[in-house]
Amino acid sequence: MTDEGTHEELAKRRRAVLPDWLSTYYEQPIDLVSGEGRHVQDAEGNRYLDFFGGILTTMTAHALPEVTAAVSEQAGRILHSSTLYLNRPMVELAERVAELSGIDDPRVFFTASGTEANDTALLLATGYRGSNQVLALRNSYHGRSFSALAITGNRAWSPTSLSPVQTGYVHGSRRRGTPLADLPDAEFTDACVQDLEDVLGQLHGNVACLIAEPIQGVGGFAVPPDGLFARFKEVLDRHGILWISDEVQTGWGRTGEHFWGWQAHGGNGAPDVVTFAKGLGNGLSIGGVVARAEIMNSIGVNSLSTFGGSPVTTAGALANLEHLLQHDLQGNALRVGAVLRAAIDEARPRLPLVADVRGKGLMLGVELADPGTGAPDPAAATAVLEHTRRDGLLIGKGGLDGNVLRIAPPLSLTEQEAREGAAILVDALGRAGERP
């Protein structure tokens, strides 16, 4: 379709029927209609290299043949049954996730989204511990439901102070703009542990859980020092507090170094609960929770899920997961992520807007700040997004102030594509820095 009015007309129709708060990227939003590999095409015929994957969701590749075939085959048999009936694809996927989880005696529950997965994890933890007190990280984001927003420590995504839980926020990932910004890793970790102890001392004894993203997604890919959560776990274990690792964005090998983000922290034992979503389905609506059996089985009432673990989504997700494992996409994320990071780092001395480059594997953040004052520069981030789109590259943005570029391509990205995308990004950063 090449009608120049396609996007403008669709945007007008969207504004007429969807909420004002449902934001879109770009001054002139685009309608993505097809994709293949690491590229997508919009309704006006423009082709883009995709470095955001529908918010870190297209994990392997667009239109992956194995996923398409699995979905088509299952759809030809039955689309839906609910958890009231046996469901072979759901059981087979649960077995695979349990095997990969690193959790002792694991049980798996599927949901339709990461938000619902985190909501379920909170339900499990608060019920198991008999407490509505929850710890979360500052700058955090865990979803859009009422309970998930109640543990969101990022003002840009928290629309209400009303809450079903009492949340205490601790330091852990975000460094720039905080009193801990200039501390070396070891001292930063010590300070965060002391802060955790201090916050616990201000609560009423029985705390249910700490929920944390190993790398904060919406928070601008803020990365804690390796080992920090192991130190946290030592404190939590002394108090019997559960640790929930929100792996909605870091799971399935995206960081390159490990299959799960929590594994970067070593220490004694896995989290008590892990939540996941996004990349597992490669665009199919699936999320889930894996937890120790005693926690997962602690709900003593009837429950079910109408859409969680549906036959068609679990069949597609299993095909996607097997493709990722068979092609060592975690290893590719490590190798190609290093190529992408090196290209950005090499250009950084001539890009005064860039205040920080961080992340792991194919999960990289580029924070932008005013070169003179060091103040966050969200306008520059918006300008970079516009420049990259015009030049054929899609990226994301986030951070507490909306000034961090988020770069997270499908894990099958090639070295050539990494260099091509980096060149477009570097050029856009240079042009954004020339604003009057």
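The line from CG of Leu183 to OG1 of Thr189 is 9.5 Å long, rounded to the nearest 0.5 Å. To the nearest 0.5 angstrom, Glu95 atom CD is 9.5 Å from Leu318 atom CG. Ile344 CD1 to Leu429 CG: the interatomic distance, rounded to the nearest 0.5 Å, is 8.0 Å. Rounding to the nearest 0.5 Å gives a distance of 4.5 Å between CG of Leu200 and CD1 of Ile241. Distance check, rounded to the nearest 0.5 Å: OG1 of Thr83 to CG of Leu304 gives 4.5 Å. Taking OG1 of Thr250 as the reference point, atom CD of Glu257 lies at 12.0 Å (rounded to 0.5 Å).
Note on Arg96 versus Glu322: salt bridge recorded, some NZ/NE/NH1/NH2 to OD/OE distance being below 4.0 Å. Remark: Glu234 does not engage Arg238 in a salt bridge, criterion side-chain N to carboxylate O under 4.0 Å.
Tyr25 has its side chain out of reach of Pro29: every pair of non-hydrogen atoms, C-beta onward, lies at least 4.5 Å apart. Annotation: side chain of Phe229 is not in contact with side chain of Trp262 (no heavy-atom distance under 4.5 Å). In this structure the side chain of Ile151 reaches within 4.5 angstrom of the side chain of Leu122, judged on heavy atoms. A heavy-atom distance below 4.5 Å is found between the side chains of Val199 and Leu135. Counting heavy atoms from C-beta on, the side chains of His171 and Leu228 never come closer than 4.5 Å. Thr275 places none of its side-chain heavy atoms less than 4.5 Å from the side chain of Ser245. Val273 places none of its side-chain heavy atoms less than 4.5 Å from the side chain of Met296. A heavy-atom distance below 4.5 Å is found between the side chains of Leu405 and Leu368.
Glu417 places a side-chain N or O within 3.5 Å of a backbone atom of Thr414 that can act as its donor or acceptor partner. In terms of modelled atom types and a separation under 3.5 Å, the side chain of Gln133 and the main chain of Asn206 share a donor-acceptor contact. Using modelled atom types, no side-chain atom of Thr152 and backbone atom of Asn154 make a donor-acceptor pair closer than 3.5 Å. Looking only at distances, no side-chain donor or acceptor of Trp243 sits under 3.5 Å from a matching main-chain atom of Ala270. Formation of a donor-acceptor pair under 3.5 Å by the His265 side chain with backbone atoms of Gly227 is found in this model. Between the side chain of Arg231 and the backbone N or O of Gly267, no donor-acceptor pair lies under 3.5 Å. Remark: side-chain polar atoms of Asn46 are not paired, donor with acceptor, to backbone N or O of Gln41 under 3.5 angstrom. Judged purely by atom type and a 3.5 angstrom limit, Thr115 uses its side chain to pair as donor or acceptor with the backbone of Arg144. Between the side chain of Arg341 and the main chain of Val357, a donor-acceptor pair closer than 3.5 Å is present. Here the side chain of Thr68 pairs a donor or acceptor atom with the backbone of Leu64 at under 3.5 angstrom.
Here the closest heavy-atom approach between residue Gly143 and residue Leu149 is recorded as O-CD2, 3.4 Å. Residues Arg254 and Ala333 come closest through the heavy atom pair O-CB, 3.8 Å. The two residues Ala432 and Val384 have their closest heavy-atom pair at CB-CG2, 3.6 Å. Taking all atoms of both residues into account, the shortest heavy-atom contact from Asp272 to Leu242 is OD2-CA, 3.4 Å. Contact detail for Ala150 and Ser163: the closest heavy-atom pair is CB-OG, 3.2 Å. In terms of heavy atoms, Val339 sits closest to Ala418 at CG1-CB, 4.3 Å.
The closest side-chain donor-acceptor pair between Thr60 and Asn320 falls under 3.5 angstrom. For the residue pair Glu116 and Ser113, no side-chain donor N or O sits within less than 3.5 Å of a side-chain acceptor on the partner. Side-chain atoms of Gln202 and Asp198 include a donor-acceptor pair closer than 3.5 Å. A donor atom on one side chain and an acceptor atom on the other are not found under 3.5 Å apart for Asp31 and His7.
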### Message
Applying side-chain contact (heavy atoms from CB on, under 4.5 Å) to Leu411 and Asn332, what does each step give before you reach the verdict?
### Response
CA-CA 7 Å; Leu411 303 190; Asn332 190 68; 5.6 Å; no
### Task
Given side-chain contact (heavy atoms from CB on, under 4.5 Å), test Leu394 with Thr388 step by step and report yes or no.
CA-CA 6 Å; Leu394 304 184; Thr388 54; over 6 Å; no
#### Entry: Intermediate values then yes/no, side-chain contact (heavy atoms from CB on, under 4.5 Å), Tyr169 and Leu137
CA-CA 5 Å; Tyr169 292 101; Leu137 296 191; over 6 Å; no
### Task
Report the C-alpha separation of Arg176 and Asp401 in whole Å, then their side-chain angles, then the decisive distance to 0.1 Å, and conclude whether the salt bridge (Lys or Arg N to Asp or Glu O under 4.0 Å) test is met.
CA-CA 11 Å; Arg176 291 197 79 255; Asp401 297 289; over 6 Å; no
### Query
Given the rule in the side-chain contact (heavy atoms from CB on, under 4.5 Å) test, do Leu321 and Leu100 qualify, once you have shown the distances and angles that lead to the verdict?
CA-CA 11 Å; Leu321 180 57; Leu100 294 164; 4.0 Å; yes
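Residues in residues 324-344 take part in these ring-ring contact (aromatic ring centres under 6.0 Å, His included) pairs, two or more places apart or across chains: His323-His327.
Judged by the 6.0 Å and 45° rule, Arg389 forms no cation-pi pair with Tyr48.
Across Arg358, Arg406, Arg174, Lys397, a single residue satisfies salt bridge (charged side-chain N to carboxylate O under 4.0 Å, His left out) together with Glu367, and that is Arg358. A salt bridge (charged side-chain N to carboxylate O under 4.0 Å, His left out) with Arg175 is found for one member of Asp185, Asp182, Asp356 and no other, namely Asp185.
Separation of the Trp252 and Phe259 ring centroids falls under the 6.0 Å cut-off.
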Would you be so kind as to tabulate the donor-acceptor pairs closer than 3.5 Å made by side chains of residues 210-220, with sequence neighbours excluded?
residue	atom	partner	partner atom	Å
Glu213	OE1	Tyr141	N	3.2
Glu213	OE2	Gly217	N	3.1
Gln216	OE1	Asn139	ND2	2.9
Gln216	NE2	Arg138	O	2.9

Check residues 50-59 and write down every donor-acceptor pair under 3.5 Å in which the side-chain atom is one partner and the other belongs to a residue at least two apart or another chain.
residue	atom	partner	partner atom	Å
Asp50	OD1	Phe52	N	2.9
Asp50	OD1	Gly53	N	2.8
Asp50	OD2	Gly53	N	3.4
Asp50	OD2	His62	NE2	2.8
Thr57	OG1	Gly54	O	3.1
Thr57	OG1	Ile55	O	3.1

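Atom CZ of Arg14 has more than 12 neighbouring heavy atoms from other residues, nucleotides or ligands inside a 6.0 Å radius. Residue Asn297 qualifies as enclosed at atom CG: its count of foreign heavy atoms under 6.0 Å is above 12. For Glu36, the CD atom counts as loosely surrounded, since its 6.0 Å shell holds 12 or fewer non-hydrogen atoms of other residues, nucleotides or ligands.
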